[in-house]
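Per chain, numbering begins at 1; letters A, B, ... match sequence-line order.
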Amino acid sequence: MTSQNFAERVIQVVQLIPKGRVTTYGAIAHYIGTGGSARTVGYVLGNSIEGRMDVPAHRVVNSAGLLSGRHAFSPEYPMEQRLREEGIEVENNRVLDFKNLLWHPALEL
DNA sequence: TCGATGACTATAG
DNA sequence: CCTATAGCCATCG
């Protein structure tokens with residue numbers, strides 16, 4: 001574990017995402033101060049969510065609103081289904097009305 | 001320390 | 001809407 005702060009901050013921000021809202025990797029990365037590490041955000045999440053049901057990683061999508069991380073969830077209970085249960089409409093691995101549902105950490109806090 | 005990897009992003013065609 | 005390319009950076013072996 002080197003910069004464990006990075007991973008911990010990512011987890012915390014994800015947990016702060018309101019139900020029925022989504023955010024992007026870039027937004028999280030920029031909020032914690034590492035603007036260019038959007039990729040690492042997703043990478044760390046994949047390793048951190050394992051064994052944690054308190055991390056709503058399904059609310060994190062890429063800048064296009066695509067569910068780029070759905071393959072990290074169980075095929076029986078996929079990311080798309082979880083979002084729909086929160087009132088978010090998803091079609092073809094893409095969040096509908098993504099811009100309106102997008103949650104900005106630094107803006108809301 | 002180094003090289004490869006990836007749940008990314010922006011730009012260009 | 002699509003693919004291609006380049007930049008980006010924490011993590012892993």
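One can place CZ of Phe98(A) at 12 Å from C1' of dC8(B), the figure rounded to the nearest angstrom. Across the protein-nucleic acid pair, Tyr25(A) atom OH and dG7(C) atom P stand 24 Å apart, rounded to whole Å. The nearest whole Å value for the distance from the CZ atom in Arg9(A) to the P atom in dT11(C) is 12 Å. If you take CD of Glu8(A) and C1' of dA10(C), they are 15 Å apart, rounded to a whole angstrom. Across the protein-nucleic acid pair, His30(A) atom NE2 and dC8(B) atom C1' stand 15 Å apart, rounded to whole Å. Whole-Å rounding puts the Leu66(A) CG to dA10(B) P distance at 13 Å. Rounded to a whole Å, the CD atom of Glu80(A) is 18 Å from the P atom of dA7(B). Computed from coordinates, the Arg59(A) CZ to dA7(B) C1' distance equals 17 Å when rounded to whole Å.
Side-chain N/O atoms of Tyr43(A) and base N/O atoms of dA10(C) include no donor-acceptor pair closer than 3.5 Å.
As judged by a 4.0 angstrom heavy-atom cut-off over every strand, Ile49(A) is placed among the base-contacting residues. Counting non-hydrogen atoms under 4.0 angstrom, Thr40(A) reaches a base of the nucleic acid. No engagement by Val41(A) is indicated, since no non-hydrogen atom pair under 4.0 Å with the nucleic acid exists. Counting non-hydrogen atoms under 4.0 angstrom, Ala57(A) reaches a base of the nucleic acid. Across all strands shown, Gly26(A) has heavy atoms under 4.0 Å from sugar-phosphate atoms exclusively, and none from any base.
Among the nucleotides dC1(C), dA7(B), dT11(C), the one closest to any side-chain atom of Arg94(A) is dC1(C). Closest to the side chain of Thr34(A), out of dA7(B), dA10(C), dG7(C), is dA10(C). With distances taken from any side-chain atom of Leu45(A) to the nucleotides dT9(B), dA7(B), dT11(C), the minimum falls on dA7(B). When the nucleotides dT11(C), dT9(B), dA7(B) are ranked by their closest atom to the side chain of Ser68(A), dA7(B) comes out on top. Distance from the side chain of Arg39(A) is smallest to dC8(C) among dA10(B), dA7(B), dC8(C).
Thr40(A) and Ser37(A) form no side-chain donor-acceptor contact under 3.5 Å, judged by distance and modelled atom types alone.
Distances shown here put every side-chain N or O of Ser63(A) at or beyond 4.0 Å from the OP1 or OP2 atom of dC8(B).
Closest approach of Asn62(A) and Thr24(A) over heavy atoms only: O-CG2, 3.7 Å.
Note: Glu80(A) CD to Arg94(A) CZ = 12.0 Å, rounded to the nearest 0.5 Å. Here Glu91(A) contributes atom CD and Arg84(A) contributes atom CZ; the two are 7.5 Å apart, rounded to the nearest 0.5 Å. In this structure, NE2 on His71(A) lies 10.5 Å from CG on Asn93(A), to the nearest 0.5 angstrom.
Mapping Gly36(A) and Asn47(A) onto DNA chain C by nearest heavy atom places Gly36(A) closer to the 5' end of the strand.
Using a cutoff of 4.0 Å between basic side-chain nitrogens and carboxylate oxygens, Glu86(A) and Arg59(A) are scored as salt-bridged.
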